[in-house]
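Bear in mind the structure is a predicted one, so any value in this text is a computation, not a measurement.
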Amino acid sequence: MDFVIRPASPGEYDDLGKITAEAYLDDGLLAFDESDWYLGELKDVAKRAAAADVLAAVRDGVLLGGVTFARSGGPMTDIAGPGEAEIRMLAVAPAARGQGVGEALVRACVERARATEGCVRVVLSTQRTMHTAHRIYTRLGFARAPERDWNPLPGRDDITLLAYELTL
């Protein structure tokens with residue numbers, strides 16, 4: 001691995017927000033494209049960093065991607081319950097895809113969860129079309145948890161998010 005995973009610095013927040021937003025837009029993951037309300041959430045890394053851990057993958061000073069690691073009970077969790085941590089907003093820049101960046105970011109979150117006292121499980125939500133991410137999660141031991149699937153936009157069945165979990 002010729003890149004490092006580390007906490008994102010405030011000076012990187014804008015660029016990491018752009019990488020995250022562009023990844024979601026380019027992959028067609030936003031229900032309302034550029035007018036989607038979630039686009040602002042993806043860009044606002046400072047807000048995420050104030051409530052959770054934001055990790056960055058970096059090679060020679062160049063951002064390759066990032067992820068948000070949220071502990072149970074924090075404002076950045078969607079489905080994490082007591083004793084769980086949640087992985088959110090995993091994104092890899094197009095030029096860095098296929099180089100193990102996404103997997104390294106997920107592994108870093110799992111290690112943070114293992115180091116968190118009382119944490120027994122890592123959970124995440126993903127869209128049906130995120131097949132590359134699904135392969136990463138399965139390879140790392142995550143299992144589907146269909147009873148935890150949920151919909152951030154009730155009435156839009158095409159937006160149902162699939163839940164995965166890893167017991168530590």
Would a distance-only check, ignoring hydrogens and angles, find a side-chain to backbone donor-acceptor pair under 3.5 Å from [X] to [Y]?
X	Y	result
Arg88	Val67	no
Arg97	Val92	yes
His134	Gln127	yes
Glu103	Gly100	no
Thr20	Lys43	no
Glu86	Ala80	yes
Thr77	Gly74	yes

- Would you mind checking if Glu41 and Arg48 are paired as a salt bridge, meaning a charged N to carboxylate O distance below 4.0 Å?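 The answer is no: the pair does not qualify as a salt bridge.
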- Query: Under 4.0 Å between a Lys/Arg side-chain N and an Asp/Glu carboxylate O for Glu84 and Arg148?
  - Reply: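 Salt bridge present between Glu84 and Arg148.
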Which atoms form the tightest heavy-atom contact between [X] and [Y], and what is the distance?
X	Y	answer
Lys47	Asp44	N-OD1, 3.0 Å
Ala113	Cys119	O-CB, 3.4 Å
Ile79	Ala163	CD1-CB, 4.0 Å
Gln99	Phe3	O-CE2, 3.6 Å
Gly102	Leu90	O-CD1, 4.1 Å
Ala57	Ile5	CB-CD1, 3.5 Å

- Derivation and outcome, side-chain contact (heavy atoms from CB on, under 4.5 Å), residues Leu63 and Ile19: CA-CA 8 Å; Leu63 284 170; Ile19 288 171; 3.7 Å; yes
Does [X] belong to the same Ile/Leu/Val/Met/Phe/Trp/Tyr cluster as [Y], with side-chain heavy atoms less than 4.5 Å apart forming each link?
X	Y	result
Met89	Trp150	no
Val4	Val106	no
Val123	Leu161	yes
Val58	Val54	yes

- Item | Tyr13: ring-ring contact (aromatic ring centres under 6.0 Å, His included) partners, not counting sequence neighbours |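 Result, ring-ring contact (aromatic ring centres under 6.0 Å, His included) vs Tyr13: none returned.
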Going from [atom1] on [X] to [atom2] on [Y], what distance comes out if it is rounded to the nearest 0.5 angstrom?
X	Y	atom1	atom2	answer
Phe69	Leu55	CZ	CG	8.5 Å
Thr167	Phe142	OG1	CZ	10.0 Å
Leu16	Thr68	CG	OG1	7.5 Å
Ile87	Cys109	CD1	SG	4.5 Å
Asp78	Leu124	CG	CG	11.0 Å
Leu162	Asp149	CG	CG	5.0 Å

- Message: Counting neighbours of CD on Glu147 that are heavy atoms of other residues, nucleotides or ligands and sit closer than 6.0 Å, is the number greater than 12?
- Response: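 Atom CD in Glu147 is packed in, count exceeds 12.
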- Are there more than 12 heavy atoms of other residues, nucleotides or ligands under 6.0 Å from atom CG of Asp60?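 At most 12 heavy atoms, drawn from other residues, nucleotides or ligands, come within 6.0 Å of this atom.
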- Yes or no on side-chain contact (heavy atoms from CB on, under 4.5 Å) for Asp53 and Arg71, after CA distance, side-chain angles and deciding distance? CA-CA 9 Å; Asp53 298 340; Arg71 289 171 181 79; 2.7 Å; yes
- Message: Please determine whether side-chain contact (heavy atoms from CB on, under 4.5 Å) holds for the pair Val110 and Leu166, giving the CA-CA distance in whole Å, both sets of side-chain angles, and the decisive distance to 0.1 Å.
- Response: CA-CA 9 Å; Val110 170; Leu166 172 70; 3.8 Å; yes
- Item | Pairwise side-chain contact, Leu140 with Tyr164, heavy-atom cut-off 4.5 Å (strictly under) |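 No; the side chains remain at least 4.5 Å from each other.
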- Distance-only side-chain donor-acceptor flag, Arg135 / Thr132, under 3.5 Å: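 The criterion, which ignores hydrogens and geometry beyond distance, is satisfied for Thr132 and Arg135.
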